[in-house]
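Take a look at the structure below.
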Amino acid sequence: MSEEKQVKVHVDKVNKSYGDNHVLRDISLDVMANEVVVMIGPSGSGKSTFLRMLNQLEMPNSGLVEVDGYDISDPKTDINKVRENIGMVFQNFNLFNNYTVLQNITLAPVQLGKMTKEEADKRGKELLATVGLSDKADKSVNSLSGGQKQRVAIARALAMDPDIMLFDEPTSALDPEMVGDVLDVMKDLAKSGMTMIIVTHEMGFAKQVADRVVFFESGKIQESGTPEEVFNAPKNERLQTFLSKVMQA
Amino acid sequence: MKKVLMTLVTAVAAFLAFGVASQKPASASEPHYIIATDATYAPFDFQDKNNKYVGIDQDILATIAKREGFTYELKPMSFNAATQAVASDQADGVIAGMSITDARRQVFDFSTPYYRSGIGWATAKDSKIKSLSDLKGKTVALKTGTAGAQYAESIQSKYGFKITYFSDSDTSYRDVINGNTAATFGDLPVLQYAVKNGTELKVQNPKDPFNAGDYGFAVKKGANAALLAAFDKGFAAIKKDGTYDKIVNKYLDAKASTFTGSASDNNSVFGILRSNSSAFWTGLKETLYLTIVGIILATIWGLLLGVMGVAKSKFLRGLSTTIIYIFRGMPMMVLAFFIYIGLPGVIGVKIPAFTAGVLTLILNEGAYTGAFVRGGFNSVDGGQMEAARSLGLSHSKAMRKVIIPQGLKLMIPSFINQFIITLKDTSILSAIGILELTQTGTLIVTRNSQGFRVWAIIAVIYLIVITLLTWLSNWVEKRTRA
């Protein structure tokens, strides 16, 4: 029973198709509290779809998805409540264009009654300091660089004080020189004990930060294990091919 | 933002309430009627230089009303609309130089004939056409729905001419004078009066009108018997005591200037402006009033349609799509006629022309607004919604806080465009007799035959107002940017 409590995400035999395109096939995966899981795999392998299913941005056709003990594969579950505890960071940042940097961070906590305006402003400024952007609080989001935008997006997700953070290719849309800043923020977050599920193509980062690496291919989890197991002794043939291609580049 | 909206809504509500309240002046004891007329029909029905409705019909009606003790509100509109307004209970009676025909007797009850008339035909002054047979292959200009038009239609195949229709007499005369058409048919006294007042036409049959017949005052068949009886009683009395002859002679022997102002006033733009300044001003005010009320209400309705168009519920989205489809696809004039003339016959309630006009604007302009509002919301990047939902905001909160503010900003140019279109579209409402700027122009032209100058003045007024509206919109746009 005490072990059960540690399970933050429980996915059992999940399937998802778009028409004839079978994107996820019988996927099962458990993520424990404080665990950092990195998902790798070629484009179109289903890893982003899987991630988006963990906060119901996608609905599975069959199977069970439990997050924080809530069955979110059941449409009757109040998803808004569950989402308050799940932070999501997108490839394209998706900062709200009609608000300043600080307002982006304070919108949800204030609107959802988690904090007063003053508390949210204070917390927002702390978070901006954490991601190294204190001086940008009152700037419009369109004046920021991509790397700055992504750090604001992380701060925005953290403002709701989530138990779990989901990252959907957070560095893929960034110029190379911006990637480091964002990864540093994520590393600090991992050190603080946050439960994180990350889709990325940054293999070095995966090696450094992941407790577990999961390899997706053709809508299936082909292999999973510690970074050493996956990167140094891959058993699956497709994983070997994938790694050889990625490492060459 | 919210405060501004509330203030506007309150203002509109106050405007509308005022409009309704100021509509019924009738005293309790005397019966009160709504009488439709066509004020482009001199010498029977027209506006004089003081914008008063005068003419043989109007003087007879006013005299009889006074004698018989009833009051009435006059509703000038096109001849066709006037007869339909009575047929659909929007008005109680019509007096508009209306010939008594068997076909009309099916729908109307007529008074004692009050004027004997007949059909005349006229050509341009220097025309080579001398007889009806010369019209073969030519085109004649007719005013829709008149006895003259009916007569011309009946002899069309015999003489082999083509027909083009206009909704007022003056435009059809102009068309003949300009050489676009070869001849026009109309009631003989009307043609003669126009010629006497300087319209450069030549009446071809001044001595022997075709289809000689009578004018009558009409009510809907089977309705308003008391009004009809009062008219007949009063008419018999004024015929007997000589008042009737005085009225007829007053108009048929008069010079143009008696009613239209001095010739010098009509020969310059400034003269026309000066002698008609109060008419222009009244018309402009009505246009502005329609525009402001129309813009505000159509914008509210359009925003509602747009928000429904991006709602979560399939039903609301379908409803929005259907409403937009119907009212965007319907010509505005059809909608105006439907509401003003069609609807009251079914629901049994009179709809004042102004209310019908505003309703038309709301439904038509609101549909266009709804379409671009929906489009504006849809063009906000989908990631914005996903990010808002991922934070735990509900769909409606995400719409209100993230999508709608961004969408509205994208829509500002479309709104400005729609405001200008609304202003211009108010001119279409002249068809149901609303005395706005365009209808004012029609009435002034009927009186002074200065089509070019009057329409130029009207066009410039519209341009000035549109320029001011554009400036105002751009100023508001800049303020919202800041």
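Values reported hereafter were calculated over all heavy atoms of this structure, with side chains retained and with hydrogens, waters and symmetry mates removed. Lettering follows sequence order; numbering is per chain, from 1. These figures come from a predicted structure and were not determined experimentally.
- Contact of A/Tyr99 with chain B is made through the side chain alone, with heavy-atom distances under 4.5 Å.
- For the set A/Met88, A/Gln111, A/Glu84, A/Met160, the count of heavy-atom pairs under 4.5 angstrom toward chain B peaks at A/Gln111.
- Only the backbone of A/Ile86 comes within less than 4.5 Å of a heavy atom of chain B; no side-chain atom from C-beta onward does.
- Ranked by non-hydrogen atom pairs under 4.5 Å with chain B, the options A/Ile79, A/Leu112, A/Asn55 are led by A/Leu112.
- Annotation: A/Lys125, atom NZ; neighbour count of heavy atoms from other residues, nucleotides and ligands within 6.0 Å does not exceed 12.
- Surrounding OH of B/Tyr462 are more than 12 heavy atoms belonging to other residues, nucleotides or ligands, all under 6.0 Å away.
- Residues of residues 380-406 of chain B having a heavy atom under 4.5 Å from any heavy atom of chain A, listed by number: B/Asp381, B/Gly383, B/Gln384, B/Glu386, B/Ala387, B/Ala388, B/Arg389, B/Ser390, B/Leu391, B/Gly392, B/Leu393, B/Ser394, B/Lys397, B/Lys401, B/Val402, B/Pro405, B/Gln406.
- Only the side chain of A/Phe90 comes within contact range of chain B, with at least one heavy atom under 4.5 Å from a heavy atom of that chain.
- Neither the backbone nor the side chain of A/Leu166 comes within less than 4.5 Å of any heavy atom in chain B.
- With a 4.5 angstrom heavy-atom cutoff, A/Arg156 touches chain B via backbone and side-chain atoms both.
- For A/Lys187, the NZ atom sits in a packed shell: over 12 heavy atoms of surrounding residues, nucleotides or ligands are nearer than 6.0 Å.
- No more than 12 heavy-atom neighbours from other residues, nucleotides or ligands sit within 6.0 angstrom of CZ on B/Phe315.
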